[in-house]
Amino acid sequence: MSSHLRRRAGLLVLLVTVIAGLLVHRALPASPVTDIAGDALYTVAVYAGLVSLFPTLAPRIVALLAGGWSVAVELFQATGIPVELARRFPPAALVLGTGFNARDLVVYVMAATAALAVDLRLTHRALRHRTVPGRSISR
């Protein structure tokens with residue numbers, strides 16, 4: 001898959017994921033299910049954002065960075081600093097969250113792994129499509 005196509009796909013996934021995350025956050029009642037969905041969407045958004053910024057980065061590296069960032073943000077929540085930042089600037093809560101929950105760490109790892117699996121599948125499919133005998137390779 002070309003880096004241009006990968007960047008465009010990343011931007012599209014990022015847009016859809018952010019919209020879905022905002023809908024989960026604003027339109028649905030707070031529950032463990034919406035919390036888990038929001039956490040998973042957060043990591044997928046980070047993954048897609050990284051693909052958009054660095055389309056040639058290996059998918060496994062993107063997954064490690066997205067999962068690592070999400071885990072780091074969750075651990076940062078344990079300090080209480082994000083809560084204070086959200087009091088002063090409420091949109092900060094959308095990026096940094098407000099309260100630590102150990103369950104979220106598992107969700108982040110699972111979401112990064114799922115994003116990686118989808119990315120690898122799509123990349124494999126695109127490469128297979130480009131190398132089928134008798135077809136031209138378009139760039």
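Start at 1 with the first residue, then count along the sequence. All values reported here derive from a predicted model rather than from experimental measurement.
Residues Val51 and Val18 fall into different hydrophobic clusters, defined by Ile, Leu, Val, Met, Phe, Trp and Tyr side chains chained together at heavy-atom separations under 4.5 Å. Residues Leu53 and Ile61 fall within the same hydrophobic cluster, defined by Ile, Leu, Val, Met, Phe, Trp and Tyr side chains chained together at heavy-atom separations under 4.5 Å. Hydrophobic clustering keeps Val33 apart from Leu28 (ILVMFWY residues linked when any side-chain heavy atoms are closer than 4.5 Å, directly or through intermediates). By the rule that hydrophobic residues join a cluster once side-chain heavy atoms approach within less than 4.5 Å of another member, Val71 and Ile81 end up as members of one cluster. A single hydrophobic cluster is not seen to contain both Val95 and Leu15; linkage of ILVMFWY side chains at heavy-atom distances under 4.5 Å, directly or through other members, places them apart.
Under the 3.5 Å distance criterion, the side-chain polar atoms of Gln77 are matched with a main-chain donor or acceptor of Leu96. Here the side chain of Arg7 pairs a donor or acceptor atom with the backbone of Ser52 at under 3.5 angstrom. Between the side chain of Ser70 and the backbone N or O of Leu105 there is no donor-acceptor pair closer than 3.5 Å.
For Ala115 against Val44, the heavy-atom pair with the smallest separation is CB-CG2, 4.5 Å. The minimum heavy-atom distance linking Ala48 with Val13 is given by the pair CB-CG1, 3.8 Å. Summarising the geometry of Val24 relative to Gly38, their closest heavy-atom pair is CG1-N, 4.2 Å, with the distance given to 0.1 Å. In terms of heavy atoms, Ala93 sits closest to Thr98 at CB-CG2, 3.8 Å. Here the shortest heavy-atom pairing between Pro82 and Gly97 reads CB-O, 3.4 Å.
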From CA spacing to verdict: side chain to side chain contact (heavy atoms under 4.5 Å, CB included), Phe54, Val62: CA-CA 9 Å; Phe54 309 104; Val62 175; over 6 Å; no
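Proximity of Leu75 to Phe100: side-chain heavy atoms (C-beta onward) are separated by under 4.5 Å at one or more points. Looking at heavy atoms from C-beta onward, Leu22 lies in side-chain contact with Leu94 at the 4.5 angstrom threshold. In this structure the side chain of Leu57 never reaches within 4.5 angstrom of the side chain of Leu50, judged on heavy atoms. Inter-residue side-chain proximity for Leu116 and Arg60 is flagged as met; some heavy-atom pair is nearer than 4.5 Å. When side chains are defined from C-beta on, Pro59 counts as touching Arg6, because their heavy atoms get closer than 4.5 Å.
Evaluation of the side-chain hydrogen bond (donor to acceptor under 3.5 Å, both in side chains) rule for Arg88 yields Glu84 as partners, not counting sequence neighbours. Under the side-chain hydrogen bond (donor to acceptor under 3.5 Å, both in side chains) criterion, Asp104 pairs with no residue, sequence neighbours left out. Evaluation of the side-chain hydrogen bond (donor to acceptor under 3.5 Å, both in side chains) rule for Arg103 yields Asp35 as partners, not counting sequence neighbours.
Atoms CG and NE2, from Asp119 and His124 in turn, are 13.0 Å apart once rounded to the nearest 0.5 Å. With values rounded to the nearest 0.5 angstrom, Thr34 atom OG1 is found 11.0 Å from Leu41 atom CG.
Counted by atom type alone, Tyr42 and Trp69 present one or more donor-acceptor pairs between their side chains at under 3.5 Å. Remark: the Ser3 side chain and the Thr56 side chain contain no N/O donor-acceptor pair separated by less than 3.5 Å.
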